[in-house]
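What follows is one structure encoded as structure tokens, with my remarks underneath.
All values reported here derive from a predicted model rather than from experimental measurement. Throughout, protein chains are lettered first and strands after them, A, B, ... in sequence-line order, and every chain is numbered starting at 1.
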Amino acid sequence: MEQQSSLPRDSSLIRPEKKSFWQRISPTNDLAFRNWAIMPVLLILILLTLQPALQLIAMSVSDVGFEGGALQWEYVGGKHIQEMLSDPVVPDAFRNTLVYVVVVVIVETAVGLVLALAVSRVTHLVGFYRAIYVVPILIPPVAIGTIWRLMYDYNYGIINQLLTLVGIRGPTWTADPNLALISVMIVDFWHWTSFLFLILLAGVESLPHELNEAARVDGANNWQIYRYVVLPLLRPTILVAMMLRTIFAFKVFDQVFVLTGGGPGTASTVISMYIYEVFFVQFRLGYGALLALVTALLVSIFVIFYQWLNALVRARM
Amino acid sequence: MPRRRWQTLLLHGFLVLVALYIIAPMLFTFATSLKYQRDIISGSFSFEPTMLNYDELFFGRRSSFIDLTRNSVVVGTGSMVVVIVTAALAAYSLSRFRWRKIYTAVIMSWLVFVHMLPPITLVGPFHLTARLLGIYDTPLAVIMAHTVLNLPLAFWMLHSYFTDIPLELEEAASIDGANRMQSFWRIILPLTKPGLAATAVLVFVFSWKDFLFALSLTRSKAATTIPVGIASFVQEYNIRYGEMAAAAFFATLPALILVAIAQRQIVKGLTLGALKG
């Protein structure tokens with residue numbers, strides 16, 4: 001008797017009322033709300049990333065163009081692959097991109113690590129340093145390119161003015177075929193080192209502090225602690241950070257556009273710059289699509305490797 | 001311990017030098033933006049400051065910088081609203097409901113790819129689609145692109161904010177008879193207000209920063225944004241250094257303001273966005 005009276009009086013528990021179609025899809029129904037809530041993002045992903053990806057594949061085997069405002073679309077099969085293999089700029093663009101990526105990743109990781117270790121050793125002003133260092137990541141890259149272009153200016157730029165003060169005649173920087181790519185890299189160091197710094201600092205700060213103290217009690221000096229305790233523990237974080245920076249470095253476009261426009265000649269033409277030129281200067285949409293597709297596949301290999309690495313590192317920690 | 005003290009002092013000296021190295025280019029640009037052309041050419045370090053360049057930049061006869069600023073604000077706000085609403089709903093659904101593992105995994109790594117592949121790969125199809133839909137050279141086209149650009153980061157940030165809220169709060173609400181939509185609206189969202197604000201501001205700044213999509217989806221002052229305007233300065237034959245510096249400095253302002261008021265959340269968001277995936 002008592003048990004029966006403790007049951008809720010709601011009859012639905014005893015004989016579940018069959019819900020109408022409208023009740024089942026109403027967002028007040030929890031399961032329906034779960035499904036509704038994911039819909040907008042799913043729709044965006046399908047319409048604005050999956051559809052463009054398929055379109056890119058279709059474009060890469062076609063000749064696409066606008067004739068008098070109307071879209072012309074003609075299937076040409078593997079023609080663009082032939083074009084790519086005989087295009088003299090493609091090897092240049094890939095070589096420049098590769099050199100660029102390797103150099104900036106190595107330099108920025110090394111400097112970022114030094115900065116992270118230095119900041120982790122001080123107790124005052126940490127927030128101040130972090131605030132200053134993070135600024136370049138949030139500034140429009142076009143503004144960064146413009147700022148450095150003003151500084152690189154052969155006649156009026158501050159860099160050459162300072163060089164004149166010490167009696168050196170400055171080079172033309174972005175207009176010099178041997179210095180153009182290096183000039184862009186120098187800007188990249190300024191722009192992106194703090195990104196590595198932030199990730200590595202988070203890594204350093206999450207290390208167990210007791211280990212350092214234990215090593216110190218055992219008589220290790222600062223250098224030994226870094227060499228044999230901190231660095232080995234930090235290695236997974238460093239690897240993940242380098243991988244991530246590698247992937248992002250392939251995106252480089254804005255600064256190159258503003259600083260050198262890819263020139264002189266193809267001296268600083270990176271892959272994004274060349275694809276842009278093929279698309280919007282030469283108006284070869286089909287060929288540009290093939291180059292974009294090849295780039296996407298190439299970077300995808302890195303992304304898959306990164307995800308595998310990241311999962312591995314997190315499973316170990 | 002005098003040796004320890006010296007070390008700390010040396011470390012601070014080094015860190016301050018790095019900070020100066022980061023600030024110097026911005027200071028140089030700000031100084032250039034306040035100079036008359038003759039002071040820029042003579043390269044003197046002392047000069048008589050003037051607002052002439054800013055005046056010319058915004059109110060000059062050939063200037064469309066006010067239009068560009070308006071477009072940047074419209075595009076930034078538009079993509080911010082779309083991204084926050086859709087990402088919040090999706091993050092709530094995926095962080096607080098049971099889903100089959102495979103669905104979560106597919107959406108998560110899909111977002112990783114969107115975040116990581118070079119934007120240039122999407123530019124061609126976006127350009128075609130925008131022209132076919134007749135939205136080429138309208139802010140709508142840029143908002144569309146910036147939604148894709150910002151969705152992954154916003155999703156990860158909100159996902160982590162939602163996960164931090166104890167489940168008991170929602171359980172209590174459900175005992176009181178609230179359904180999940182109500183508990184999302186009345187409990188989760190109010191509790192994550194600071195996180196929502198940080199995410200929204202970051203989305204705005206990233207939209208403000210973008211150049212490639214704005215460049216390839218617009219052509220006139222009806223829709224072009226500030227970065228595209230700055231780049232066109234650089235391409236002019238007769239370079240106007242002062243105005244160029246003024247424009248570049250103006251474009252950095254949102255970032256500077258943001259860092260000044262919300263350094264902690266921004267740093268957290270950036271590191272999180274980097275390491276999530």
Side-chain angles (χ1 to χ4, degrees), chain A residues 27-28 30 33-34 37-38 40-41 44-45 48-49 52 55-56 59 115 118 121-122 127 129-136 138-143 146-147 149-151 156 158 161 198-199 202 244 247 250-251 253-254 257-258 272 275-276 279-280 285 288-289 292 295-296 299 303 307 310, chain B residues 8 11-12 14-15 18-19 22-23 25 28-29 32 40-41 43 86 89-90 92-93 97 109-110 112-114 116-122 124-126 132 144 147-148 151 179-181 205 208-209 211-212 216 227 230-231 234 241 244-245 248 251-252 255 258-259 263 267 270-271 274 277:
Chain A
T28 53
D30 289 349
F33 180 59
R34 179 195 81 162
I38 200 80
V41 161
I44 291 175
L45 286 179
L48 296 181
T49 67
Q55 201 177 16
L56 195 69
M59 282 164 78
L115 283 177
R121 298 263 309 173
V122 300
Y129 293 133
R130 233 187 345 209
I132 303 272
Y133 296 172
V134 80
V135 168
L138 300 170
I139 296 181
V142 167
T146 308
I147 288 170
R149 192 172 163 131
L150 289 167
M151 300 206 301
Y156 317 128
I158 190 159
Q161 281 178 3
L198 284 182
I199 298 178
L244 200 62
I247 292 167
F250 275 102
K251 295 184 181 183
F253 174 80
D254 305 10
F257 187 95
V258 177
S272 292
I275 295 175
Y276 177 81
F279 269 139
F280 296 108
L285 292 172
T295 311
V299 180
V303 176
Q307 283 187 295
N310 206 9
Chain B
T8 314
L11 275 177
H12 277 295
F14 169 65
L15 292 171
V18 175
I22 288 177
I23 298 173
F28 167 74
T29 309
T32 306
I40 295 172
I41 289 170
T86 57
L89 282 167
Y92 180 71
S93 177
F97 281 98
S109 52
W110 195 343
V112 170
F113 273 92
V114 173
M116 294 191 167
L117 288 186
I120 191 79
T121 54
L122 283 175
F126 275 3
L132 288 176
M144 173 188 88
T147 300
V148 176
L151 194 62
N179 61 42
R180 294 300 291 273
M181 186 172 63
V205 168
W208 177 275
K209 263 166 55 128
F211 172 59
L212 182 54
S216 51
I230 294 178
V234 178
Y241 293 90
M244 216 162 111
T252 65
L258 181 64
V259 167
Q263 182 254 132
V267 168
L270 286 174
T271 0

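Note on B:Val18, B:Val205, B:Ile230: by heavy-atom pairs under 4.5 Å with chain A, the leading option is B:Val18. Heavy-atom pairs under 4.5 Å with chain B were tallied for A:Arg121, A:Arg34, A:Gln55; the largest tally goes to A:Arg34. Of all the listed residues (A:Ala143, A:Gly288, A:Ser272, A:Pro140), the one sharing the greatest number of non-hydrogen pairs under 4.5 Å with chain B is A:Pro140. Considering only heavy-atom pairs separated by less than 4.5 Å from chain B, the leading option among A:Ala289, A:Ala292, A:Pro136 is A:Ala292. Of the listed residues A:Leu285, A:Ile158, A:Val258, A:Ile275, the one with more heavy-atom pairs under 4.5 angstrom with chain B than any other is A:Ile158. Counting heavy-atom pairs under 4.5 Å between each of B:Thr8, B:Thr252, B:Ile22 and chain A puts B:Ile22 at the top. When each of A:Leu198, A:Ile147, A:Thr295 is scored by its heavy-atom pairs under 4.5 Å with chain B, the top score falls to A:Ile147.
Among all heavy-atom pairs drawn from A:Asp254 and B:Lys209, the shortest one is OD2-O, 4.4 Å. For B:Ala231 against A:Val142, the heavy-atom pair with the smallest separation is N-CG1, 4.0 Å. Between A:Lys251 and B:Pro118, the shortest heavy-atom distance links the atoms CG-CA, 3.8 Å. Shortest non-hydrogen contact noted between A:Leu115 and B:Phe14 is CD2-CE2, 3.9 Å.
From A:Leu56, atom CG reaches atom CZ of B:Phe126 across 11.0 Å, with rounding to the nearest 0.5 Å. The OG1 atom of A:Thr146 sits 5.5 Å away from the CE atom of B:Met244 when rounded to the nearest 0.5 Å. How far CH2 of B:Trp110 is from CG of A:Leu45: 5.0 Å, rounded to the nearest 0.5 Å. Between B:Leu117 atom CG and A:Phe250 atom CZ the span is 11.5 Å, to the nearest 0.5 Å. Here the OH atom belonging to A:Tyr129 is positioned 5.0 Å from the NE2 atom belonging to B:His12, to the nearest 0.5 angstrom. A distance of 5.5 Å separates CZ in A:Phe253 from CD1 in B:Ile120, rounded to the nearest 0.5 Å.
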Checklist entry - Can you list the steps and then say if B:Leu89 with A:Val41 is a side chain to side chain contact (heavy atoms under 4.5 Å, CB included)? => result CA-CA 8 Å; B:Leu89 282 167; A:Val41 161; over 6 Å; no

Next on the checklist: Walk me through whether B:Thr32 and A:Tyr156 qualify under side chain to side chain contact (heavy atoms under 4.5 Å, CB included).
Outcome noted: CA-CA 10 Å; B:Thr32 306; A:Tyr156 317 128; over 6 Å; no

Next on the checklist: Evaluate B:Tyr241 against A:Arg149 for side chain to side chain contact (heavy atoms under 4.5 Å, CB included), listing each step before the verdict.
Outcome noted: CA-CA 10 Å; B:Tyr241 293 90; A:Arg149 192 172 163 131; over 6 Å; no

Checklist entry - Step by step, would you call B:Ser216 with A:Phe279 a side chain to side chain contact (heavy atoms under 4.5 Å, CB included)? => result CA-CA 9 Å; B:Ser216 51; A:Phe279 269 139; over 6 Å; no

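For A:Ala296, the parts sitting under 4.5 Å from any heavy atom of chain B are the backbone and the side chain alike. Of the two parts of B:Val114, only the side chain, counted from C-beta on, holds a non-hydrogen atom closer than 4.5 Å to a non-hydrogen atom of chain A. Of the two parts of A:Met59, only the side chain, counted from C-beta on, holds a non-hydrogen atom closer than 4.5 Å to a non-hydrogen atom of chain B. With a 4.5 angstrom heavy-atom cutoff, B:Leu15 touches chain A via backbone and side-chain atoms both. Interface residue B:Leu122: only side-chain heavy atoms are found under 4.5 Å from chain A. If you measure heavy-atom distances from B:Phe211 to chain A, the contacts under 4.5 Å come from both the backbone and the side chain.
Between A:Phe33 and B:Tyr92, the angle of the ring planes lies from 30° to 60°, which puts this pair in the tilted group.
The side-chain heavy atoms of B:Leu212 and A:Tyr276, taken from C-beta on, include a pair separated by under 4.5 Å.
Although no hydrogens or angles enter the test, the distance criterion places a donor-acceptor pair under 3.5 Å between the side chain of A:Asp30 and the main chain of B:Arg180.
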